[in-house]
Amino acid sequence: EVESNFQSNPREYQYFQASLESRTLWHQFLEEYDLKKAITADSTIMYKRHEGTVFEESNFETACDLAKKYKVLTDVSNKELETIFQGKLTKSQISAKRFEGEFSIDTEFLFLKLDSLLHDMDIKVIDEKVKRITKDDKKNHLTLETQNNNFLKTEKVIIAAGSGSSNLLD
């Protein structure tokens, strides 16, 4: 979903650019670790009902404009719509477009495989909230301070958080 004003929001636009750049990296990663089975679809079909809200209309148009700009927008045939919606929605009720390369992942499968991969690579997962990450310039180590006042030293860290994760870094 892309809201119509996302390009005027620097953070949203930065997220969008990162997501575009990450596609190739995701494919390389999934190939390298034999996880291609996690991909459940190679493209995404987006649709909107003709009697949808102004918000839905605006988001659909913005997404289609972006997909067109990046040359990944294609039409969806009537036959495909019949198959996908099993006759419940037709082209007279909706507008639908395909975003080529906007793949989807079976996250349950992926996380199970990642857990196994982390174990095999002897990578420790910290199952508590991290308050801060600081760097010791002399030794090139990182110190992680958790909410439970535990301190962990490491040479590398992967931050798999979400919004607000940038606040962890000093």
Side-chain angles (χ1 to χ4, degrees), residues 1-49 52-77 80-81 84 94-118 121 123-127 129-135 137 140-145 154-170:
E1 180 176 303
V2 179
E3 294 186 22
S4 61
N5 65 346
F6 96 100
Q7 288 181 327
S8 63
N9 181 328
R11 181 167 282 193
E12 289 294 323
Y13 190 71
Q14 189 176 28
Y15 293 155
F16 175 75
Q17 290 299 324
S19 70
L20 289 178
E21 294 167 12
S22 73
R23 286 182 189 177
T24 302
L25 297 173
W26 267 109
H27 279 291
Q28 289 171 352
F29 175 81
L30 295 172
E31 183 76 34
E32 182 177 345
Y33 292 100
D34 195 27
L35 297 170
K36 294 291 272 185
K37 291 179 186 173
I39 296 177
T40 57
D42 294 321
S43 297
T44 296
I45 293 176
M46 184 177 196
Y47 73 95
K48 69 164 185 71
R49 293 178 184 263
T53 68
V54 172
F55 180 74
E56 292 167 333
E57 176 75 28
S58 175
N59 286 359
F60 182 80
E61 294 304 320
T62 300
C64 289
D65 288 346
L66 281 169
K68 189 175 184 179
K69 176 182 175 181
Y70 288 94
K71 298 177 174 56
V72 296
L73 184 70
T74 60
D75 288 321
V76 180
S77 71
E80 286 176 294
L81 287 178
I84 293 165
I94 63 170
S95 295
K97 294 290 184 178
R98 176 182 293 104
F99 303 151
E100 298 290 345
E102 183 67 27
F103 63 97
S104 59
I105 293 178
D106 177 346
T107 55
E108 185 175 347
F109 173 84
L110 180 63
F111 284 118
L112 285 172
K113 294 295 185 181
L114 287 176
D115 280 343
S116 175
L117 185 62
L118 291 173
M121 296 173 79
I123 295 175
K124 182 178 179 180
V125 176
I126 301 166
D127 197 19
K129 187 173 182 178
V130 174
K131 288 194 311 191
R132 182 181 8 246
I133 301 172
T134 54
K135 185 176 181 183
D137 291 327
N140 205 24
H141 285 116
L142 300 168
T143 301
L144 285 69
E145 180 184 354
T154 185
E155 292 179 15
K156 296 179 183 178
V157 65
I158 298 171
I159 301 173
S163 68
S165 59
S166 62
N167 299 333
L168 296 173
L169 305 172
D170 281 344

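Basis for what follows: all heavy atoms, side chains included, without hydrogens, waters or symmetry-related copies. Fair warning: this is a prediction, and the values are worked out from it, not measured in the lab.
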Hey, could you give me each pair passing salt bridge (Lys or Arg N to Asp or Glu O under 4.0 Å) that has a residue in residues 55-71? Not counting sequence neighbours. Lys48-Glu57
Measuring from atom NZ of Lys131 to atom OG1 of Thr134, what distance do you get when rounded to the nearest 0.5 angstrom? 11.5 Å
What I'd like to find out is whether the side chain of Asp115 reaches to under 4.5 Å of the side chain of Val125, using heavy atoms alone. no
Around Glu155, counting heavy atoms of other residues, nucleotides and ligands shown, do more than 12 lie under 6.0 Å from its CD? no
Minimum heavy-atom distance between Ala96 and Tyr47, given as atom pair plus value: CB-CB, 3.9 Å
Side chain of Thr62, backbone of Asn59: donor and acceptor closer than 3.5 Å? no
Does atom OH (Tyr70) have a neighbourhood of more than 12 heavy atoms from anything else shown, all under 6.0 Å? yes
Interatomic distance, Leu66 atom CG to Leu20 atom CG [nearest 0.5 angstrom]: 8.5 Å
Ile94 side chain reached by Leu81 side chain, heavy atoms, under 4.5 Å: yes
Over all atoms of both residues, closest heavy-atom pair of Gly101 and Ser43: N-OG, 3.4 Å
Can you name the closest pair of heavy atoms from Leu110 and Leu35 and give their distance? CD1-CD1, 4.1 Å
Within this structure, what is the CD1-CD1 distance for the pair Ile105 and Ile39, rounded to the nearest 0.5 Å? 6.5 Å
Suppose the criterion is salt bridge (Lys or Arg N to Asp or Glu O under 4.0 Å): which pairs have a residue in residues 94-108, not counting sequence neighbours? Arg23-Glu102, Asp75-Lys97, Glu80-Arg98, Arg98-Glu100
Any side-chain heavy-atom pair of His27 and Phe103 under 4.5 Å: yes
Hey, what's the ring geometry for Phe29 with Trp26, parallel, tilted or perpendicular (30° and 60° as the breaks)? perpendicular
